[in-house]
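Keep in mind that what you see is a predicted model, and the values were worked out from it rather than measured. By convention in this document, chain letters (A, B, ...) are assigned in the order of the sequence lines, proteins followed by strands, and residues within each chain are numbered from 1.
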Protein chains: 4
Amino acid sequence: MLNRVVLVGRLTKDPELRYTPSGVAVANFTLAVNRPFSNQQGDREADFINCVVWRKPAENVANFLTKGSLAGVDGRVQTRSYDNNEGRRVYVTEIVAESVQFLEPRNSQNNQQNSGSQSNNNYAQGGYAPNQNDNRGQQQGGYKDDPFANDGKPIDISDDDLPF
Amino acid sequence: MLNRVVLVGRLTKDPELRYTPSGVAVANFTLAVNRPFSNQQGDREADFINCVVWRKPAENVANFLTKGSLAGVDGRVQTRSYDNNEGRRVYVTEIVAESVQFLEPRNSQNNQQNSGSQSNNNYAQGGYAPNQNDNRGQQQGGYKDDPFANDGKPIDISDDDLPF
Amino acid sequence: MLNRVVLVGRLTKDPELRYTPSGVAVANFTLAVNRPFSNQQGDREADFINCVVWRKPAENVANFLTKGSLAGVDGRVQTRSYDNNEGRRVYVTEIVAESVQFLEPRNSQNNQQNSGSQSNNNYAQGGYAPNQNDNRGQQQGGYKDDPFANDGKPIDISDDDLPF
Amino acid sequence: MLNRVVLVGRLTKDPELRYTPSGVAVANFTLAVNRPFSNQQGDREADFINCVVWRKPAENVANFLTKGSLAGVDGRVQTRSYDNNEGRRVYVTEIVAESVQFLEPRNSQNNQQNSGSQSNNNYAQGGYAPNQNDNRGQQQGGYKDDPFANDGKPIDISDDDLPF
DNA sequence: TTTT
DNA sequence: TTTT
C-alpha cells in the first residue's frame, strides 16, 4: 500500500554503521527537520526523525555524512517493536530510507576530507543499488534493545529487520 | 524544511476524537499499511502507523471512518516526548495528517449509516479548511501520558501540540 | 535528486498496453485527480495526469484497471521531448509510476470479471518486481509521435524511454 | 484526492515573477532534477520540471533564487490547457509549489547580494503564508499563450489559474 | 494493542 | 480527449 516519506534535514550526530551477522550494512541516523511554523511561544521547533538505511547506501551515508550535514531522504515509514531489558514491549516508528541525497557541498565545513571529488558535481547521491556484493564488515553481541539507545556498542541486528 | 508523508491503509480501530481545553478537535487513529514485500518467512507484514489530525478534518475522520476503513493521509512526520507515570521520558513519532481522504465507498460494509449522501460522489474528502469556528466540545482531566495509551478516558491535550 | 510523486485518482479511459521492440511492456493511462478546493465559479475541478508504467506492473495495470477504476500511484515526474509530424518539438511531462495500487474492490462495478480472487484480499498491488522474464509481446511500426496521441495504432517505443 | 510532489533540483534560469490583474504574485521556474540512474549510453540525464508558485512565496522565490540555485519544492501536479496562437489546444502539466525551500547557503556563489542575513540560519524557507496583503505589483497585456514561452514580456495571467 |  |  502507498507509504512514502520525503525529508530534508540535518544529521543530529554522526551516523552509526553496523553489520548484520550475515554481513549486511545498516546505518542509523537522526534528521532534525525544522518546522515551517512557529509554536505559541513564537519559536521554531524541529522534528527529530530516526532513519535507517541498508546496504550500499548505508555505507555511503557513513562515509559522506557527519553531524550537521544537510541530507534528503526518500523512503517509507516503518514500525517495529522489541522487548526492552525490563521486559516491556517498546514500539518504534522510523523511516527506512530507500535513497539518501547529500545536499552539503563536498567542500563545505567539516566535509573537507571528502574533497577528492571524482565528479564535476559537488553533491553526491546515495541511491539504492540492488546488486552488490557486500559482506566484509561483521559484528555481533548481546544486544536486545533499541539500536538508537546503543551508540557504538556491539549489537546483533537480525536480518529480519531487512526491509526487503 | 521538506517533510512530507503520504499513506494509504486501513484503520486498526475506530478513531478517537477529543478536544483541547480551548475546544480544538483532535482525532487519533492508527493506519495498518501493508508492506509491498514479504519477509523471510514469506509473510506479508504491515506497518501500524499512528496518525493525528486536528480541527474540522478531525471531526470528519471521527464521523466517516471506523475500524477497517480504507483511508489516505497526506501530512508530516512529527516527533514529541512526554514523561510517563514512571517518570521516564518517552519519545513518540507520529504522522500529523493535513488531509485525510476516505477511500471506502460510502455504501460499503459498516458504513451503511452514512449513506445519506449529500454529494453525487461516494467518496468524501477530509481536507484542511483553515477558517472555521469550532469550539463546542470541551474536555479536561488529569492526563499526563501518551494519548495512544488512554482510550476514551478524560484527557487534557495541550494546545501546544497544535501543529500550526 | 529527490523526485517523488504520489497520486490517487480514477482512470479516464482503459489503460493502453504496448511492448517495445525488445519486448518490454509499457502501459499508459491518465488519472483524473479531483482538486481539494473549488475554483472561483465554485466548481470542483480535476487534474488529468498522464502516467506511464513499465514491465510487470504495466501488465497488471492492463489486466486489473479499466476506465473509472480508483488507483494510487507512487512514482517520479519525468520530462521528455519529441518532434511531432510538423517538425515541431513537443515537451511532455508525465509520471513514471514505480508502483500502482488498485483501490477498487475486486467485486465492484465493471471489475466483475476479476472476481476469481486468489487472495483473501479484495485489493491487489501492482508493485515493481525487478527480476522477471517478459518478452512475449512484440510490436513495431512507423511511430514518430506522442504515444498519448496514438491510441491503439501500432507504435515503436524506443527502449531509450526505459526509466532504468 | 491525494496529489503530492516533492522535488529537489536546480533552477535552469532565473525565476520569472509576474502579477495577475488583481495584483497576485506568480513566479515560474524550471527545476533540473538529476535522475538517479543512467541511460543506456551510460549518461546521467535530468528532468526539467516546470513549477509555479503563488503569492508571498512567489516573491521569495524571485528574491532568493537565481539560475543554478538548489531548491526543494513541496506541491501538487496540475494540468491546464490553453489555445495557442495557431488556434491549437496545448496541454500543460506543471507543479504548483505550495512551499519552496532554499537549499543554497546564502553566502554561496552568485547569491552574495543576499548576505544581509536576518536569521542565524543560512538557509531560508519560502513557506505558504495564508494571510498577507499583497497588491503592489500590477501587470497586464495581450497575452494568450504559454507563460513558459513568454519570458519577460507583459502578460495577462487570469486569476482563474489561482490554485485556491 | 492492530487492518483487509 | 477526460474520472466518480
Interatomic distance where CG belongs to B/D47 and P belongs to E/dT4 [whole Å]: 17 Å

side-chain contact (heavy atoms from CB on, under 4.5 Å) involving C/T12 - partner list, sequence neighbours excluded: C/T30, C/A32, C/F48

Residue list, side chain to side chain donor-acceptor pair (under 3.5 Å) with A/R89, at least two apart or on another chain: A/S81, A/D83

Trace of the side chain to side chain contact (heavy atoms under 4.5 Å, CB included) decision for B/V33 with A/V77: CA-CA 9 Å; B/V33 181; A/V77 186; over 6 Å; no

Out of E/dT3, F/dT3, E/dT1, whichever nucleotide has its closest atom nearest the side chain of C/K67: F/dT3

Side chain of D/Y91 - closest among F/dT2, E/dT1, E/dT3: F/dT2

Atom-pair distance (CD1 on B/I49; C1' on E/dT1), nearest Å: 16 Å

Gap separating the OH atom of C/Y91 from the OG1 atom of D/T93, nearest 0.5 angstrom: 15.5 Å

C/R10 side-chain proximity, nearest of F/dT4, E/dT3, F/dT2: F/dT4

Rounded distance (Å) that lies between atom P of E/dT2 and atom CG of B/N28: 18 Å

Spacing between A/N3 atom CG and E/dT4 atom C1', to the nearest angstrom: 17 Å

Nearest-Å distance for atom pair CG/P, residues B/L65 and E/dT2: 21 Å

Atom pair distance, as rounded to whole Å: CG in B/N50 and C1' in E/dT2: 10 Å

Spacing between C/F48 atom CZ and F/dT3 atom C1', to the nearest angstrom: 7 Å

Atom-to-atom span, CG of A/L2 to C1' of E/dT3 - whole angstrom: 16 Å

